[in-house]
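Step one of this worksheet: look at the structure below.
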Amino acid sequence: MRIATWNVNSIRTRVGRVVDWLVREDIDVLAMQEIKCKPEQFPAAAFEDAGYELAVHGLNQWNGVAFASRLPLDDVTTSFPGMPGFLKGEEGPGLPLEARALGVTVGDVRLWSLYVPNGRALDDPHYRYKLDWYAALTAHTREELARHPGLALALMGDFNVAPTDADMGDPSFVPGVSTHISPPERAAFEALEAAGVQDVVRPLVPQGYTFWDYKQLRFPRNEGMRIDFILGSSAFAEAVTDAAIHREERKGDAPSDHVPIAIDLGLDADDDDRPMIF
DNA sequence: ATGGCCTCAGTGTGAGGA
């Protein structure tokens, strides 16, 4: 089974490219972020004609998350319990939720497509929102794994944090000034991992970015950032057999500014110590 | 090579992205 995540930066603009890639790479389940449309605007036919069913969560022209899958999608969940909302100029609880989280179950595997808030600037209310969003996601993840020990769970998407200095290659992001590299953001990412999910791509792909800004020749200069991840529970991580960051998808006409990340899941049939997931 | 912002709503220009 091949699973992938991709911040597509508008699915209506990218539909041909995305479906071509799914078919070419034999992807079974794709988590998308920044679809930038409502469900009724989603170009569903192109996916369905290629053999994929959809789960779409979009409220307006911003954010938006979705799944495309060749396998049945069950237990579709929009937003996770405790997820904070946001409304410019206002603060406190009860603000409207944005379309940033979508959970599905495929077989016995629980998957989330996540688009973590950007933060905008260290002194912007959006930064507090980002940290609160991380805290709520961490609490939910911890509770979910406590409730279902041994669950194969993966959090996939755009986490908007470069966890290490090697993950930040964009010179416009300055320590002490910029988002994505601040100690509180990095601590929030580490706290999420400590809740019981680990980066299942980095051990197999130690180097490489997943995002390059459209501006200032960032891609030709390879001044990118590694901010898209697949974080898996122990049961999920043990089933990962391969991983790849598809850097080629940043080339050519009308690319997203993010590239897809794909992993293979499988099991050694002779190893009875491992849980049988598929 | 991979090339100097892009997308959306809406029709002029602001918001948002990272």
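Atom CE of A/M32 and atom P of B/dT7 are 17 Å apart (whole Å). Separating the CD atom of A/E223 from the P atom of B/dT2 is a distance of 18 Å, rounded to the nearest angstrom. Across the protein-nucleic acid pair, A/N60 atom CG and B/dT7 atom P stand 18 Å apart, rounded to whole Å. B/dT2 atom C1' lies 9 Å from atom CD of A/E248, rounded to whole Å. For the pair A/L217 CG and B/dC6 C1', the computed distance is 15 Å after rounding to whole Å.
Residues meeting the salt bridge (charged side-chain N to carboxylate O under 4.0 Å, His left out) test with A/D26, sequence neighbours left out: A/R70. Every residue meeting the salt bridge (charged side-chain N to carboxylate O under 4.0 Å, His left out) condition with A/K251, not counting sequence neighbours, appears here in chain and number order: A/E248. Legend: residues meeting salt bridge (charged side-chain N to carboxylate O under 4.0 Å, His left out) with A/R2, ordered by chain and number and at least two apart, are A/E25, A/D264. Annotation: salt bridge (charged side-chain N to carboxylate O under 4.0 Å, His left out) contacts of A/D165 (sequence neighbours excluded): A/R186. In this structure, the side-chain hydrogen bond (donor to acceptor under 3.5 Å, both in side chains) partners of A/R110, at least two apart in sequence or on a different chain, are A/T77, A/T105.
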Query raised in the report: For nucleotides 11-18 of chain B, read 5' to 3', which letter fits each nucleotide if B means a protein heavy atom sits under 4.0 Å from the base, S means only the sugar-phosphate is that close, and - means neither?
Result: -----SSB

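If you take atom P in B/dG10 and the same atom in B/dC6, they sit 22 Å apart, rounded to whole Å. As rounded to the nearest Å, B/dT7 and B/dA18 have P atoms that lie 13 Å from one another. Look at the C1' atom in both B/dC8 and B/dG4: the space between them is 23 Å, to the nearest Å.
Look at A/R202 and A/D167 and you find a salt bridge, because one of the NZ, NE, NH1 or NH2 atoms lies within 4.0 Å of a carboxylate O, short of that distance.
Each of A/I35 and A/N222 lies near DNA chain B, and the nucleotide nearest A/N222 is the one positioned closer to the 5' end.
Between A/F67 and A/W112, a ring centre-to-centre spacing not shorter than 6.0 Å is recorded.
The shortest distance between the side-chain N/O atoms of A/S10 and the OP1/OP2 oxygens of B/dC8 is below 4.0 Å. Taking only side-chain nitrogens and oxygens, A/T13 comes nearer than 4.0 Å to OP1 or OP2 of B/dC8.
Within 4.0 Å of A/R12, counting heavy atoms only, lie sugar-phosphate atoms of the nucleic acid but no base atom.
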